[in-house]
Amino acid sequence: MRPFRLYEPTTINETVATLSELGDDGKLYAGGTELLLAMKTGLLQYDGLVNVKTVPELEGVSYSNGTLTIGARATHSTVEHSADVLAHAPLIASVEHRVANVRVRNVGTVVGNLCFAEPHSDPGALLLLYEAEVDIASPSGTRSVSVEQLVVGPYETSLAGDELVTRVRVPLLPNGMRGAYLKFGYHHRPTLGVGAAVSVTDGKFLDVRLTLGSAPPKPTRMRDAEAVLRGAAVDDPAVAIEAGRIAAEGCDAIDDLHGSAEYKRHLVQVFVQRALAEAVERGVK
Amino acid sequence: MTQQEFNTVGQSVRRIDSYDKISGRAVYSVDVVVPGMAYAKLVPSPLPHALIKSIDASKARALPGVYAVLTAAELVNMETHYGSDKKDRPIVAMNKVRFQGEPVAAVAAVDLATAEAAAELVEVEYEALSAASDLTSALLPDAEPIHDSNYCHEYGYEWGDVDAAFAGCDRIFEDTFLFPMVYHYAMEPHTCVVSYEHDRIRTWTSAQHPFLVRAELARIFGMQLDQVQVVVPYVGGGYGSKSYTKIEPLVAALSREAGRPVRLAQSVEESMKTVRRHAARATIRTGVMNDGTFVARECLSYVDTGGYTDNGVRVTERISDRIVGPYIFDNVRVKSYGIYTNSTPAGSFRSIGGPQASWACESQTDIIAEALGIDPIQLRLKNLAKKGDEVRRGKRPLEGDLAPKLQMVLDKFGWDNYVREDPSPTVKRGIGFACNVTNSGASPTSTSLVRFHADGSSTVYIGTTEIGQGSRSVMAQIAAEELRIPLASIKVIGSDTDAVPYDRSTGSSRSTTLMGLAVHDAAVDVREQLLEIAAKHFETFADQIEAADGKATFKGESMTFGALVREMFGGSGGELMGRGYVTQNHASGRLTQDPVFWEVSIGAAEVEVDEDTGTVKLLRYVSASDPGKAINPKQVEGQDEGAAMQAIGHSMFEEMLFEDGQFLNPNLVDYRVPTFEDLPGEFETVLIEFGDGPGPYGSKGVGEGGIVCVAPAIANAIFNATGVRLRELPLTPERVWRAIEKSKQ
């Protein structure tokens with residue numbers, strides 16, 4: 001790996017100022033689990049890395065008024081073991097528990113994961129299910145966008161070069177809504193992740209959220225598939241099959257080492273049905 | 001000798017290297033620091049097949065901190081090529097490159113960062129040639145020749161009247177099976193430090209065969225064997241990837257150029273571009289009678305040896321040796337070809353040609369059984385070779401009956417009482433079985449030296465490389481047993497060619513059998529000397545003296561072995577030396593025929609197949625390990641489970657992928673090796689100890705057997721579960737799903 005300088009700011013302002021100064025020659029560095037792999041192979045090269053882990057303001061996971069807040073320094077492990085997450089959104093804890101492996105979870109951060117925008121990854125599709133938003137700081141001020149707007153493509157976000165995501169805000173699922181998240185794959189990175197959240201009244205789907213990760217180029221909300229479910233009978237298997245079919249058709253999958261696009265679309269079909277069934281079952285319990 | 005009479009042999013004693021490895025005291029090649037040492041970085045070819053038009057290293061050489069850049073132009077006053085059977089591998093690429101990642105140049109610099117920066121400054125101009133990175137494209141008539149042709153080696157044998165036999169068969173089956181390119185993934189990538197000096201070469205390297213590396217370096221640089229020292233510290237896994245000579249000549253040449261010691265510590269990616277297992281395409285044609293009698297077999301195999309031969313000659317031969325299976329055929333015609341392709345050179349890998357051969361022949365056994373309506377176990381038992389049968393004509397007969405060994409595995413598995421319970425209509429379960437015998441042991445050439453000290457302790461010198469298999473512990477156990485001293489009084493000195501006597505190699509499951517015999521004989525030599533001294537002391541004959549617990553006893557009077565040594569030298573010091581020579585003429589008479597022994601492999605699997613996704617879950621795997629006599633049973637089980645686990649990789653998901661010669665997944669994120677999550681739900685090893693091996697105490701090797709039968713056992717279980725037959729590895733979910741979908745049409 002080509003040598004680089006490591007900057008260790010202690011405030012958000014200093015962080016974004018350093019980033020701004022470095023321009024294209026610098027990059028934010030949190031866990032480094034993706035970035036350093038790419039730098040080791042020479043795929044990415046930077047003169048300076050700006051370490052967010054030295055900024056105390058970016059620490060931690062907290063809960064208040066129906067919203068979980070995950071700071072930019074919070075690792076997957078921190079989220080996985082957070083008492084607040086376990087109490088208010090155990091689904092997030094259980095998915096985080098199965099992100100990569102324990103070594104990655106101990107150093108990799110949730111925010112870093114979103115910002116690297118590796119398509120084969122779970123947190124994006126999971127956080128879409130919660131309609132999560134991120135807060136962004138830059139030398140010119142702050143702004144917020146949804147996770148859906150943050151990630152725009154493979155390894156691509158809507159962030160400017162001097163912007164720092166300071167935290168993710170995760171509103172809990174509305175009352176009565178239960179979620180499930182299923183992942184599939186035999187590589188180290190997932191081949192597919194499907195999130196489903198449903199509320200059920202009188203045997204019918206009242207509200208539904210369906211999200212898809214890893215198979216498409218970016219985490220995707222499957223609104224067309226959601227639409228056919230709303231108001232439909234929960235115990236009608238044809239409805240879930242139809243939702244799966246629509247989701248599969250809408251999935252912009254490509255052929256890669258994880259498999260053919262055709263196979264991935266088939267998996268979407270299968271796992272949309274399975275995730276819906278699991279979410280419904282959790283609601284019943 | 002019955003089992004009760006052993007002291008340490010047969011005991012799962014704690015490994016003698018455990019403290020070193022747990023405390024971090026163990027030295028590996030990467031830990032070696034030689035004063036003045038430079039750090040090396042390779043300049044790999046980005047193209048899989050190209051002519052080298054020019055190399056300009058002037059900018060790299062001008063970079064401050066750079067000591068030397070090695071290119072083909074510097075390979076003067078030395079041999080330029082190396083290789084175990086064919087010396088077709090240039091030390092750095094000469095005139096052309098034959099695979100992506102082939103070193104075109106190498107830089108030595110004051111530190112790694114400087115070496116890396118300099119490597120990027122080496123300018124190479126290529127003229128691209130069309131690349132063939134798989135068997136099919138390399139065998140096309142108009143394929144660009146990689147060497148003089150794309151054929152590396154040809155092998156075959158025949159007995160009986162094959163054509164007439166096929167004509168007389170009730171049924172003929174013909175199937176083609178594909179085996180992928182796979183990488184060993186030893187946790188330690190290839191690492192080497194060489195100090196080239198005008199009158200000697202000192203080498204520290206992660207090599208399985210230090211004496212063959214010594215011979216190769218001596219030949220390349222025109223030195224005598226005594227001028228070349230090869231030290232092998234602890235090795236972080238071999239599996240064949242560190243067999244023969246790999247990066248040592250390049251590092252030695254770079255050290256000569258730099259005028260100082262040079263260290264090259266490869267990355268995993270660089271090691272994945274150093275060596276791999278041969279991909280294979282094997283076609284088997286088998287003629288049988290309706291009652292299941294095997295009559296004739298014809299096999300045609302192609303193995304993909306990559307850009308250079310490496311161990312391609314022997315692998316081409318072994319796949320043919322091993323593809324007939326453990327069965328009796330009166331008519332056999334076998335042929336195989338080693339083929340060059342523009343991909344990582346392929347070398348040894350735990351049971352060379354064995355998994356490829358067994359994947360084909362043991363999958364077909366079940367295909368035949370299904371077609372004839374015969375139980376697959378009964379079909380095997382009907383045709384199985386027996387003790388004394390020449391399972392390959394002209395070779396060593398089988399040491400023991402296979403049928404009782406198979407039965408032990410079936411019993412442990414509960415095969416006969418298996419009741420299938422599918423969890424759901426689309427999630428199905430099934431069981432599968434496979435077995436084979438493989439010719440193992442390589443060449444019977446091993447020596448050992450045992451020094452016996454004046455306090456009754458002993459130092460054992462062996463050329464066997466400790467690659468994690470536990471050879472040092474086993475050799476210590478054998479020495480302690482024969483010297484009649486406690487294990488704690490034995491120290492084993494490993495591979496340093498300046499200190500330890502010759503051993504051909506560490507591989508082919510040979511060490512316990514062959515080095516074990518050498519250590520055994522050397523220890524017996526010492527014991528006999530001790531008894532002679534004692535006989536003089538007690539004024540009797542040697543055979544009247546009992547040697548046990550570190551003492552010689554005659555009529556109730558004892559003398560410690562240490563005291564005997566001191567008495568012989570007439571003072572407080574002195575030592576005895578014992579030697580063990582193992583050749584094919586070994587006094588036991590058990591090594592006269594090739595192979596040294598037949599290694600037995602047996603496996604039974606239960607799988608669960610999710611037909612909606614194609615996911616195969618390995619619920620149970622029972623493997624057999626047939627050490628004849630387990631000198632350290634826990635280590636035997638470890639070898640067997642490790643081998644089976646490694647096979648789960650090539651069975652389920654491991655595959656090196658090339659597209660137009662570009663290596664698509666040269667890292668451990670995209671190339672998936674098994675982890676603990678992939679352990680079978682239940683995982684058992686059956687130890688078979690019939691004392692029928694040629695090694696000490698009736699032992700024989702077990703390092704490879706566990707890897708041989710996993711893939712066909714799993715595929716046979718998938719067939720049992722789903723009725724779908726797979727002929728291509730690995731059995732990825734998509735491949736299984738597609739096969740299931742196709743069967744529905």
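A note on names: the letters A, B, ... follow the listed sequences, proteins ahead of strands, and every chain is numbered from 1.
Considering OH of A:Y186 and CG of B:D678, their distance stands at 12.0 Å, rounded to 0.5 Å. Atom CG of residue B:D670 and atom NE2 of residue A:H258 lie 6.5 Å apart, to the nearest 0.5 angstrom. Between A:D256 atom CG and B:L664 atom CG the span is 10.5 Å, to the nearest 0.5 Å.
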Practice problem: Step by step, work out the side chain to side chain contact (heavy atoms under 4.5 Å, CB included) result for B:D612 and A:R274. | Solution: CA-CA 11 Å; B:D612 287 338; A:R274 290 184 182 181; 3.5 Å; yes

Quiz prompt | side chain to side chain donor-acceptor pair (under 3.5 Å) assessment of B:E269 paired with A:T41 | solution = CA-CA 9 Å; B:E269 176 164 345; A:T41 63; over 6 Å; no

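Using a 4.5 Å cut-off between heavy atoms, B:A117 makes no contact with chain A at all. Using a 4.5 Å cut-off between heavy atoms, B:E655 makes no contact with chain A at all. Contacts between B:S267 and chain A at a heavy-atom distance below 4.5 Å are absent for every atom of the residue. Looking at B:E734, the atoms closer than 4.5 Å to chain A (heavy atoms on both sides) sit in the backbone and in the side chain alike.
Using the six-membered ring where Trp is involved, B:W737 and A:Y263 have ring planes that are tilted, between 30° and 60° apart.
Counting heavy atoms of neighbouring residues, nucleotides and ligands inside a 6.0 Å radius, atom NZ of B:K428 exceeds 12 of them.
Between chain A and the options B:T675, B:V669, B:T613, the largest number of non-hydrogen pairs under 4.5 Å is found for B:T613. In terms of non-hydrogen atom pairs under 4.5 Å with chain B, the most contact-rich of A:R2, A:R189, A:H188, A:H266 is A:H266. The candidate from B:L112, B:N667, B:L657, B:D610 with the greatest count of non-hydrogen atom pairs under 4.5 Å with chain A is B:D610.
You'll find the side chain of A:L257 stays beyond 4.5 Å of the side chain of B:Y671, heavy atoms only.
Ion pairing of B:R738 with A:E262 is present here, as a side-chain N (NZ or NE/NH1/NH2) and a carboxylate O approach within less than 4.0 Å.
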